Asker: 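If you scroll down you'll find the structure; I have some questions about it.
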2 protein chains.
Amino acid sequence: MAENGMKKALGAYTNLIRATESVQGLLSRQLGSLGLTMGQFQMLEALLHLGPMSPGTLCDKLLCGSSNLSMVIRNLQRRGLVVSRANERDERRKMVHLTPEGRAMITKVFPIQAKLIRAQMSALDGREQEILRRLCKKLGLGNPARFAVEMTKEVG
Amino acid sequence: MAENGMKKALGAYTNLIRATESVQGLLSRQLGSLGLTMGQFQMLEALLHLGPMSPGTLCDKLLCGSSNLSMVIRNLQRRGLVVSRANERDERRKMVHLTPEGRAMITKVFPIQAKLIRAQMSALDGREQEILRRLCKKLGLGNPARFAVEMTKEVG
DNA sequence: TATTGTTATACTCTATAACTATA
DNA sequence: TATAGTTATAGAGTATAACAATA
């Protein structure tokens, strides 16, 4: 029945968004008190755990546009937390690196943030967390961000 | 084991965020093409389904600060979609109303948005959606609903 | 010409604090 | 004094388009 399917979808969506905002709001406020925004944290974290990357690769990892990414890089570079250097083989390409200051910052902040994430997620037991992970993964895969625009066109 | 618990929590968190950003990104882009931001849509939707409200009540419903709310009201008022009038009993209090134009806008947009939500959530079957809803509810407990009306209205 | 990335522009959201008006 | 709401200020993310530099 179509109506029932719609209700179920809206119910799942609403609670998904509410849970995410609840968790993210808390994490974002903690980051703010540590001197980072969520976008900055994500970039530093990617650079820490995956190593230096080009802006283009960062766009893919962080799911954001190249223009927005330049802004985040600029804000971090201004504070001396990252630096972007041209690649010698292809000078169009650049590589974004953590500076020692940036590495110190993310090395300090990441465990604090992780601890709060664990605390938040502990509203669910281990089995529930695993189920949530699996369902969300399925949901994310069904909606790859890169094809977002094309999918939108079909709905209007 | 603490390490294992941390890993599981981070895995669940990461996929939760990814799924939400995937879905929200798409919805936000669709709203953009229809002339609304997510915050504006939420306010109009609350006014449509719950009726006129004071800014303070809207703050509670939409989980945002009073200052940010004033901004959203101002942007909508400038476009003639809402109007805020002083209450005659207590002139400190105001009531935010949909204008006919605002009502027409949200009445048009809500079903379109709902349809895309259903399409997005259909990456999961009904049983999975129900499990996701329950887990997310547990995770986000204590926060007010995002949609004024979750399950009871017909939405085309 | 195509690709990579930055700038320009303009808007919205967010957070904090100061402010106004009413009670 | 306390409450409801707005304004001021500053900063960050977003989208689009124009742009430069390199391949």
Side-chain angles (χ1 to χ4, degrees), chain A residues 21 24-44 52-79 81-96 145-146 148-149 152, chain B residues 17 21 24-44 52-79 81-97 146:
Chain A
E21 288 188 349
Q24 286 290 74
L26 208 62
L27 289 167
S28 178
R29 278 189 290 278
Q30 173 171 264
L31 278 181
S33 75
L34 294 166
L36 291 176
T37 66
M38 193 61 86
Q40 291 166 352
F41 172 77
Q42 284 163 9
M43 181 176 294
L44 294 179
M53 269 178 286
S54 69
T57 307
L58 275 167
C59 283
D60 294 342
K61 298 293 179 196
L62 306 181
L63 296 178
C64 77
S66 65
S67 176
N68 310 333
L69 192 95
S70 285
M71 177 79 67
V72 178
I73 291 177
R74 179 163 39 174
N75 288 334
L76 287 175
Q77 198 153 14
R78 196 173 50 193
R79 294 168 58 188
L81 298 178
V82 305
V83 61
S84 90
R85 290 198 291 266
N87 184 328
E88 57 272 6
R89 299 176 50 123
D90 180 346
E91 297 225 338
R92 288 174 310 187
R93 288 216 162 95
K94 295 193 171 176
M95 291 295 277
V96 183
R146 291 169 208 177
V149 176
T152 305
Chain B
I17 302 309
E21 286 185 351
Q24 286 292 76
L26 202 59
L27 290 166
S28 177
R29 279 189 289 278
Q30 173 170 265
L31 279 180
S33 75
L34 294 166
L36 291 176
T37 66
M38 194 62 88
Q40 292 167 349
F41 171 77
Q42 285 161 11
M43 181 176 295
L44 294 178
M53 269 178 286
S54 69
T57 306
L58 276 167
C59 284
D60 295 341
K61 298 294 178 193
L62 305 181
L63 295 178
C64 78
S66 66
S67 176
N68 310 334
L69 192 94
S70 286
M71 179 77 66
V72 178
I73 291 177
R74 178 163 38 174
N75 287 334
L76 287 175
Q77 196 153 15
R78 196 173 50 192
R79 294 168 58 189
L81 298 178
V82 305
V83 60
S84 92
R85 289 199 290 265
N87 183 329
E88 59 271 7
R89 300 176 52 125
D90 180 345
E91 297 226 337
R92 287 175 311 186
R93 287 218 162 94
K94 295 193 171 177
M95 291 295 276
V96 183
H97 298 254
R146 165 170 222 82

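The chains referred to below are lettered A, B, ... by the order of the sequence lines, with proteins before strands, and numbering in each begins at 1. Keep in mind that what you see is a predicted model, and the values were worked out from it rather than measured.
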Asker: Toward the 5' end of DNA chain D, which comes first, A/Asp90 or B/Ile73, by nearest nucleotide?
Answerer: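 It is B/Ile73, whose closest nucleotide lies nearer the 5' terminus.
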Asker: Please confirm whether the shortest side-chain N or O distance from A/Arg78 to OP1 or OP2 of D/dA12 is below 4.0 Å.
Answerer: yes
Asker: Counting any heavy atom closer than 4.0 Å, what does B/Asn68 reach on the DNA or RNA strands: base, sugar-phosphate only, or nothing?
Answerer: base
Asker: What's A/Ser70 touching, base or sugar-phosphate or nothing? Going by heavy atoms closer than 4.0 Å.
Answerer: base
Asker: Categorize B/Gly65 for me: base, sugar-phosphate, or nothing, with a 4.0 angstrom heavy-atom threshold over every strand shown.
Answerer: nothing
Asker: Kindly compute the distance separating CD (A/Glu88) from CZ (A/Arg93), expressed to the nearest 0.5 Å.
Answerer: 12.5 Å
Asker: Nearest to the side chain of B/Arg92, which nucleotide is it out of D/dA23, D/dA15, C/dA21?
Answerer: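 In terms of side-chain proximity for B/Arg92, the closest of D/dA23, D/dA15, C/dA21 is C/dA21.
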Asker: Identify the heavy atoms of A/Thr37 and A/Gln40 that sit nearest to each other, and give their distance.
Answerer: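 Heavy-atom minimum between the residues: N-OE1, 3.0 Å.
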Asker: Just compare D/dA12, D/dT6, C/dC13 and give me whichever is closest to any side-chain atom of B/Ser84.
Answerer: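 Shortest atom-to-atom distance from the side chain points to D/dT6.
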Asker: Tell me every residue that passes side-chain hydrogen bond (donor to acceptor under 3.5 Å, both in side chains) with A/Gln42, counting only those two or more places apart in sequence or in another chain.
Answerer: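 Listed in chain order: nothing, the list is empty.
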Asker: So B/Ser66, base contact, sugar-phosphate only, or nothing? Heavy-atom distance under 4.0 Å.
Answerer: base
Asker: B/Pro55 has a side chain; which of C/dT12, D/dT6, C/dT4 sits nearest to it?
Answerer: D/dT6
Asker: Just how far, in rounded Å, is P of C/dT7 from CG of A/Leu69?
Answerer: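 From A/Leu69 CG to C/dT7 P: 12 Å.
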Asker: Using five pairs at either end of the helix from C/dT1-D/dA23 to C/dA23-D/dT1, determine the angle between the two local helix axes and round it to 10 degrees.
Answerer: 20°
Asker: What is the distance, rounded to the nearest whole Å, between atom CD of B/Glu21 and atom P of D/dT14?
Answerer: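 Distance check: B/Glu21 CD to D/dT14 P gives 8 Å.
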Asker: Considering only C/dT22, C/dA8, C/dT14, which nucleotide approaches the side chain of A/Ser67 most closely?
Answerer: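 Among C/dT22, C/dA8, C/dT14, the one nearest the side chain of A/Ser67 is C/dA8.
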Asker: What nucleotide, of C/dT4, D/dT14, D/dG13, holds the atom closest to the side chain of A/Arg93?
Answerer: C/dT4
